[in-house]
Number of protein chains: 2
Amino acid sequence: MSTVTLAQVAKQAEVSTATVSMVLRNRGRISDATRQRVLKALDDLGYVYNQTAANLRNRTSNQVGLLLHDITNPFYGEMTAGLSQEMERHDLLLFLANSEESGERQQKFVDSLMRNNACGMVLCAARETPPLFFETLKRRNIPAIMVVRPMDDVDFDFVGTDNFLGTQLATQHLLRLGHTHIAFIGGSENSISRAQRIGGYSSKLLEHRIQPKSEWVVSSLASQSDGARVAEELFRQYPEITAAVCYQDIVALGVMQTLRKMGRQPGVDFALVGFDDITEASLVQPALTTVSVAAKEIGRKAGELLFSRIQGNDEPPKRIILPPTLVVRESCGFGSLR
Amino acid sequence: MSTVTLAQVAKQAEVSTATVSMVLRNRGRISDATRQRVLKALDDLGYVYNQTAANLRNRTSNQVGLLLHDITNPFYGEMTAGLSQEMERHDLLLFLANSEESGERQQKFVDSLMRNNACGMVLCAARETPPLFFETLKRRNIPAIMVVRPMDDVDFDFVGTDNFLGTQLATQHLLRLGHTHIAFIGGSENSISRAQRIGGYSSKLLEHRIQPKSEWVVSSLASQSDGARVAEELFRQYPEITAAVCYQDIVALGVMQTLRKMGRQPGVDFALVGFDDITEASLVQPALTTVSVAAKEIGRKAGELLFSRIQGNDEPPKRIILPPTLVVRESCGFGSLR
DNA sequence: TTGTACGCGTTATCAT
DNA sequence: ATGATAACGCGTACAA
């Protein structure tokens with residue numbers, strides 16, 4: 001399995017390396033006769049193209065990086081699938097890294113991408129990313145698309161979902177069903193996404209002349225167990241609450257547990273809306289009504305945009321905000337108001 | 001942001017490129033004085049190492065591939081996280097591809113890896129992979145670890161879970177609770193994993209002098225709805241069945257639906273065990289007793305093994321079979337025999 | 001420590 | 001019209 005080189009193929013086909021190269025990439029004008037000779041030689045010798053050599057020569061590569069903080073989260077799994085599809089369409093290879101919210105790992109990955117001459121990247125930055133990270137990234141001059149987590153830095157392309165609209169839809173739904181005591185559960189304090197979602201929730205309440213209560217807005221970790229814990233505290237203190245908009249489906253699932261534990265029935269005497277539409281949402285009993293953000297679509301759009309940047313598209317930074325939709329299932333009951 | 005090369009750094013530090021290279025990689029003996037000079041030059045010029053050039057020269061790379069068929073599946077998400085950790089520990093970059101069970105995409109990915117001089121790969125092969133795929137892969141002489149889906153080809157390293165033991169545990173549990181009419185539900189006909197799980201199930205029955213009935217072993221798609229459909233047919237025909245080992249948790253969830261629909265209560269007059277321990281398992285009511293396989297650990301072990309192969313470990317192919325554990329929850333009731 | 005040939009494909013320039 | 005020549009991208013490692 002020794003490496004067959006272009007030169008060897010050239011010799012075999014009795015042409016120059018230039019010719020072989022041109023045949024390989026369908027460039028230049030090659031007579032059909034020589035083309036055939038070359039193709040035969042290529043095949044006979046079992047040539048394997050050396051992308052590394054080409055990349056070195058071209059000062060680029062066909063490799064892009066994807067940085068997530070939690071690949072375990074089905075939401076990011078979906079997104080990754082979407083991006084992966086798009087990358088494959090353009091013959092780009094995808095590097096994956098999982099920062100697990102560590103700024104250090106994140107930096108290490110980006111450095112690695114630079115060393116490897118990656119031609120672009122898609123980032124969902126770690127929560128506590130220092131501004132310096134973004135500054136140096138800009139200086140690098142390599143296409144980078146931010147996803148999911150809203151950025152205030154307008155110099156980057158961004159693809160994400162409309163958090164505000166999402167919780168507006170959710171809250172609206174609850175209001176229509178007649179609820180007036182609606183809580184907001186989940187998300188971490190310093191998250192911009194969360195701020196936006198709270199915005200949608202509270203604005204909708206106000207629109208209906210209901211005062212949002214800060215005591216009914218509680219934060220939690222992105223886990224079912226913490227969602228359950230937080231909800232228990234909340235409901236114990238404010239049993240008058242009859243509905244909740246949750247920051248995430250995972251949290252909503254935790255809330256469900258708590259409700260049951262406290263003798264209440266989600267979908268019957270309590271209405272619950274999630275956010276994300278992860279697969280579990282449709283499996284749980286009662287199936288969770290939730291805001292669907294088409295994670296796969298975010299991945300695809302990010303891929304499209306990245307590819308265009310790689311192709312040289314130098315329009316000003318874009319913000320692609322995908323509209324979420326409300327998926328009505330069973331967790332809010334079957335109100336007559338549809 | 002023009003590319004700074006080793007040569008430029010060398011000139012700046014008034015040394016040779018060889019020296020700079022050695023400083024960069026901590027090789028050879030360099031006087032502390034020159035080292036300092038070089039480091040300063042490196043820093044002053046903002047040098048970025050060109051891994052591509054190094055890879056070309058070394059005829060290797062620091063890049064490995066991971067092929068899955070469904071990154072969306074939380075199980076594979078976990079596994080990927082485990083592998084990713086291990087890769088990062090060794091400064092390897094991870095290429096990810098999602099075959100979606102397409103042999104074509106799979107082949108394309110592996111070809112791509114070859115062109116890019118990847119130094120190894122972890123594969124969860126598509127279901128209908130032609131033998132030729134494996135044959136040519138072997139010839140490539142590049143470390144490849146198979147994961148999760150059992151292989152009959154003993155020439156490959158393999159990391160997976162002990163399907164046989166898993167269903168033995170599950171079946172044992174049911175037997176101890178006093179059940180004797182136990183079905184096996186789910187999995188697709190041509191799956192080796194399934195064969196192994198059926199093996200664990202039937203061997204345990206036989207051990208207890210119970211004849212496994214082929215009519216009580218039914219297959220299904222990997223979805224809740226098909227699990228429900230299949231179960232309904234089965235239970236209608238054989239109402240004497242009081243327990244089931246399911247091929248997957250998803251299927252078990254479907255079976256639960258059916259039971260309820262037929263007026264039976266999982267955990268009370270029917271005992272159900274799943275396999276995988278997906279997150280939903282702990283969420284459903286009653287919470288699902290299931291066989292848990294440490295997905296992340298599979299990823300880690302695969303990473304470890306791959307790394308050792310890359311390092312030149314040429315022991316004969318290994319099979320690392322991780323023992324699953326039974327997670328007892330509520331879906332089998334609370335038998336006195338514990 | 002250094003000089004330099006080398007890994008391998010690319011492409012601009014030149015030749016027929 | 002076709003194809004060849006050779007410099008080039010940049011880090012590595014061996015001989016000196």
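All chains are named by letter (A, B, ...) in the order of the sequence lines, taking the proteins before the strands, and each is independently numbered beginning at 1.
Applying the ring pair (Phe, Tyr, Trp, His ring centres under 6.0 Å) test to Phe307(B) and every residue at least two apart in sequence or in another chain returns His90(B). When the side chain to side chain donor-acceptor pair (under 3.5 Å) test is applied to Asn313(B), the partners found at least two apart in sequence or on another chain are Ser308(B), Arg309(B). Residues passing the ring pair (Phe, Tyr, Trp, His ring centres under 6.0 Å) test with Phe75(A): none are found, sequence neighbours excluded. Shown here are the ring pair (Phe, Tyr, Trp, His ring centres under 6.0 Å) partners of Phe158(B), two or more places apart in sequence or in another chain: there are none. Looking at residues two or more places apart in sequence or on another chain, you find a side chain to side chain contact (heavy atoms under 4.5 Å, CB included) between Gln106(A) and Leu67(A), Ser99(A), Ala125(A), Ala126(A), Thr129(A), Phe133(A). Taking the ring pair (Phe, Tyr, Trp, His ring centres under 6.0 Å) definition, one finds that Phe134(A) meets it with Phe156(A), sequence neighbours left out. Residues that satisfy the side chain to side chain donor-acceptor pair (under 3.5 Å) test with Glu88(A), not counting sequence neighbours, are Arg105(B).
Between Glu104(A) and Lys108(A), no side-chain nitrogen of the basic residue sits less than 4.0 Å from a carboxylate oxygen of the acidic one, so the salt-bridge criterion is not met. Between Arg300(B) and Glu304(B) there is no salt bridge, since no side-chain nitrogen of the basic residue lies less than 4.0 Å from a carboxylate oxygen of the acidic one.
Leu83(B) pairs with exactly one of Val147(B), Leu94(B), Val159(B), Leu96(B) by the side-chain contact (heavy atoms from CB on, under 4.5 Å) rule, that one being Leu94(B).
Protein chain A contacts DNA chain D over a range whose 5' and 3' limits, counting nucleotides with an atom under 4.0 angstrom from a non-hydrogen atom, are dT2(D) to dC10(D).
Residue pairs meeting the ring-ring contact (aromatic ring centres under 6.0 Å, His included) criterion with at least one member in residues 52-74 of chain A, sequence neighbours excluded: His69(A)-Tyr76(A).
Each of Glu14(B) and Ala7(A) was assigned the nucleotide of DNA chain C with the nearest heavy atom; the assignment lying further toward the 5' end belongs to Glu14(B). Closest-nucleotide positions on DNA chain C for Thr34(B) and Tyr49(A) were compared, and the one nearer the 5' end corresponds to Thr34(B).
Per the geometry, CG belonging to Asn117(B) stands 11 Å off C1' belonging to dC8(C), to the nearest Å. The distance from atom CD of Gln51(B) to atom C1' of dG7(C) is 15 Å, rounded to the nearest whole Å. To the nearest angstrom, C1' of dT1(C) lies 19 Å from NZ of Lys11(B).
The stretch residues 52-59 of chain A touches DNA chain D through Ala53(A), Leu56(A), Arg57(A), Arg59(A), each having a heavy atom within less than 4.0 Å of the strand. A heavy atom closer than 4.0 Å to some atom of DNA chain C occurs in Val15(B), Ser16(B), Thr17(B), Ala18(B), Thr19(B), these being the qualifying members of residues 15-26 of chain B.
We find the CG-CG distance between Asn116(B) and Asn62(A) to be 5.0 Å, quoted to the nearest 0.5 Å.
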Evaluate the criterion side chain to side chain contact (heavy atoms under 4.5 Å, CB included) for residue pair Val122(B) and Val64(B); output intermediate values, then yes/no.
CA-CA 8 Å; Val122(B) 174; Val64(B) 312; 6.0 Å; no

Below 3.5 Å is the cut-off: list the nitrogen or oxygen pairs between protein and nucleotides 13-16 of chain C, distance only.
none

